[in-house]
Amino acid sequence: MTKMKTKNSKPLIEMSYTELERWWANYVEEQKSWGGILENPYPELLTTWYAERLIDGSIPASKENILAAKRHIYDLSRQGTDDFPWIFDEERGHRPIRFIEKKCKPSKGDFDQLVLQPWQHFIIGSLFGWVHRDTGIRRFREALNMVGRKNGKTTLISGVSNYMLGFDGENGARVYVLANAEQQAHELFDEAKAMVEKSPYLSKKFKAQRNKIKYDATFSEIQARASDSKRLDGLNTHLGIFDEIHEFRNYKLLNVIQKSRGARKQPLLIYITTAGYVLDGPLMAYFEQGKECLENLKDNLDERTFYFLAKLDNPKEADRPELWIKANPNIGLMGFVDLVTDWIKQRKNEEERADWLAKQFNFFSDVDELPFVTVETINKNKQIIDIETLKGRKAVAGYDLSETEDFTSACLEFPLDDGTVFILTHSWIPQVRYNRDDNKPRLDKWIKEGWLSVVPGDYVNYEHVYDWLVEQSEFYQIEYIAYDRAKALYLNKSLEKYGFKTEKVIQGFVTLGGPLQNFKEMMLDGKVIYNNSSLFRWYLNNVRLVEDRNKNWMPTKQSKNRKIDGFAAALNAHALVIDMLVKPAGNRNVGVISMSELMRKD
C-alpha cells in the first residue's frame, strides 16, 4: 500500500459547503486507494505498517504518537534479546482483530460488519502481539488510549471485552467495564451486551443477563463497576477497561482494580479517554508519564505500559481540518464536512471553542472557565535551580491564610539577575483536613516532596507560618512580607514585632490586575521558576480569571475543591516584586511607578 497526496486549492476553513463536500469525497477516495481507510477486513496485521506510515509522515500524527511508532520500530530491532526479552508475535496480535471483525456485530448503524482501521490494528496488535519470548506472557499490562470523541471507542470496549471474556484462554475471567459513575458504567455495559445479542455466534456462546454477560464454559463474566459502586471488594481482574478517566478526581477505583490483578497471569487494564477538565487528576499524571516514556525511549522507563496519545500539537491546528486526524484517527469514518461547518460556527464562542479543544482535539483545559494559564504555558516554566545559590539574596514573602480548616500557604519570591523570578513555597493543612481528603495519594506525594505539612488539630495555627518565615529569614534577606489585611492582623503584628517589614496588598481588581497580568506574561515567557513543585503546579492549574467591566482581572478558584492558596500567596508577593524587576533604561526623564507603590499611597 502506498500513499497518494491530495492538493488543497485553498484552506479548508475557507471553503464553501459544496467545496468541502467535493474535497472530502476526493480525500476519502484517495485514502481508500492506498489503505488509509479500509472498507473490508485486511488479511494481515497492520501494526508495523501503521507505525511506518506515522514515521514517514504519510499519516499525520501527534508528536507523541510518532514517538509511539518509533518505540514499536525500535523494540522490533532489539526483540528477543537478554536486555529486552519481548518478541512481536503477529499471529497473536491479529487474533483479537479477526475475532472482532468475524464474530462481533455492530450494535448501532446500518452496516453489518466491523472493519478495524489501521490505527486500531496498531493499538490492539501492540497490546496482544508483544509477548515474552519464553513464557508467551503479554508484555503490556496497561494502556492509555487518548482519542477525540466519536472515534470508535465502543468498538474497542465491546469487542475487546467479549474477546477477553471467552477467547483469551483464561478460566474464571473477570472483565470489568469501568467508569466514574455507575450510570455511565452501565451504559457501556449495555453496549457490550447489545453487541453480543446482535451476533448469532456470540449470542449462542454467551448469556447476556441484566447485569452480567456470562460464559459458562470457562466460568467467566463481564460486569460494570464504577467509583460510586456500593461494592468494590473481592474483584479479580483479568481485563479492566476504564472509560473517560479524565473525569476521575481521585485514584479510588483505579487503585482497587490495579490491586485486584494479583491472581492473574496476564491481566490488562485499558484507559480510554479524551482530554478533559480535571487537571490534577489521574489522567494528567498518566499523560505526563506517557510523554516522559515516549520522549526517552532508550531509558526503558515504562516498557509494560502502551501509550497512544492522539492530539493536535498546537491549538492553531484546529483551523487546519486536514490535520484533525492527529487527534481523530477514525476521521475517515466520521461526518467530516459537518464537523468542519460546526467548528467554523462554534469556534467563535469561547466556551464552545474550549469544549472542542478539550474533547475533539485533546488539549487539557477547563471548558467552563477562563483559565489563568494553559498546561502548555505551565510546561514552559519547568526550570530547576539549586536553592543553595540563593542564600543571602533579597526576596519578598507572601502568605495566604485559610479561614477554617483548609490550606494555608506562604512563599518567598526572588527577583533574579536574568529577569526571571524564583518562588519557594510551602503549604500546611490540619490533620482533620487530611483525614477527609478523597485523594490522599496526591497529598502524600506533596508531603514526601517537602511542599506540604500536616499539622495536628482542626485548623492551621498561624504560628506555623510565623515559624517558617522566621526560619527562611536566617538564609535570605526578606525585604517585605506582603499580606491580605482582611485575614492577617494577629500574624502580621507578630511578624512586625519580630522585625519584619510588612506591606498590605489590597485584594481588588485594580490593585491585583496589574501583578496578575505581569505574572502571566512572565509565565508565557518561561520566566517563573518554582523547581517544578507539583503542589504549586496544582495551584496554577486551579486558577481561573474573573473580569470586571473594565477588563481588570482577579484570580478565583475553579471550584471549592480546587485550591489556589499557594498562588494567592505568590501573587501577593509579586505585587511588590514588580518594583524590583522594573529597571528604567538610559537617562530619559521618565518616571516609573509600580502597582505596589500605588497601593502604598492608598
Kindly assign one of parallel, tilted or perpendicular to the pair [X] and [Y], based on the angle between their ring planes and the thresholds 30° and 60°.
| X | Y | value |
| --- | --- | --- |
| F189 | H186 | perpendicular |
| W446 | W538 | tilted |
| W130 | F88 | tilted |
| F536 | Y539 | perpendicular |

Between the side chains of [X] and [Y], is a donor N or O closer than 3.5 angstrom to an acceptor N or O?
| X | Y | value |
| --- | --- | --- |
| N314 | R320 | no |
| Q184 | D243 | yes |
| N531 | S533 | no |
| T237 | S260 | yes |
| Y307 | E64 | no |
| Q117 | N330 | no |
| W86 | E303 | yes |
| E170 | S220 | no |

From [X] atom [atom1] to [Y] atom [atom2], the distance as rounded to the nearest 0.5 Å:
| X | Y | atom1 | atom2 | answer |
| --- | --- | --- | --- | --- |
| L12 | I344 | CG | CD1 | 9.0 Å |
| W356 | L312 | CH2 | CG | 11.0 Å |
| T273 | H246 | OG1 | NE2 | 4.5 Å |
| S158 | K153 | OG | NZ | 10.5 Å |
| I87 | R133 | CD1 | CZ | 9.5 Å |
| K345 | N349 | NZ | CG | 10.5 Å |

Inset, instruction - Determine, for F84 and R78, whether the Lys NZ or Arg CZ falls below 6.0 Å from the six-membered ring centre while staying within 45 degrees of the axis. - result: yes
Verify whether the ring centers belonging to [X] and [Y] lie closer than 6.0 Å.
| X | Y | answer |
| --- | --- | --- |
| F122 | W119 | no |
| F361 | W343 | yes |
| F140 | F128 | no |

Can we say [X] and [Y] salt-bridge, meaning some charged N sits less than 4.0 Å from an Asp/Glu carboxylate O?
| X | Y | answer |
| --- | --- | --- |
| E295 | K291 | yes |
| E52 | K70 | no |
| E142 | R261 | yes |
| R347 | D319 | yes |
| D89 | R139 | no |

Over all heavy atoms of both residues, which pair between [X] and [Y] is shortest? Give the atoms and the distance, please.
| X | Y | answer |
| --- | --- | --- |
| N381 | K527 | OD1-N, 3.2 Å |
| R174 | R264 | N-NH2, 3.5 Å |
| T47 | G125 | OG1-CA, 3.4 Å |
| L54 | I66 | O-CG1, 3.9 Å |
| I37 | G332 | CD1-CA, 3.6 Å |
| V177 | A185 | O-CB, 4.0 Å |

Q.
I'd like to know whether F364 forms a ring-ring contact (aromatic ring centres under 6.0 Å, His included) with F287, so could you lay out the CA-CA distance, the side-chain angles of the two residues, the decisive distance to 0.1 Å, and finally the verdict.
A. CA-CA 10 Å; F364 291 94; F287 177 77; 5.0 Å; yes
Do [X] and [Y] have side-chain heavy atoms sitting under 4.5 Å apart?
| X | Y | value |
| --- | --- | --- |
| F336 | Y27 | no |
| L20 | T341 | yes |
| E191 | L188 | no |
| N532 | Q383 | no |
| S161 | L239 | yes |

Checklist entry - Counting heavy atoms not belonging to Q346, are there more than 12 under 6.0 Å from its CD? => result yes
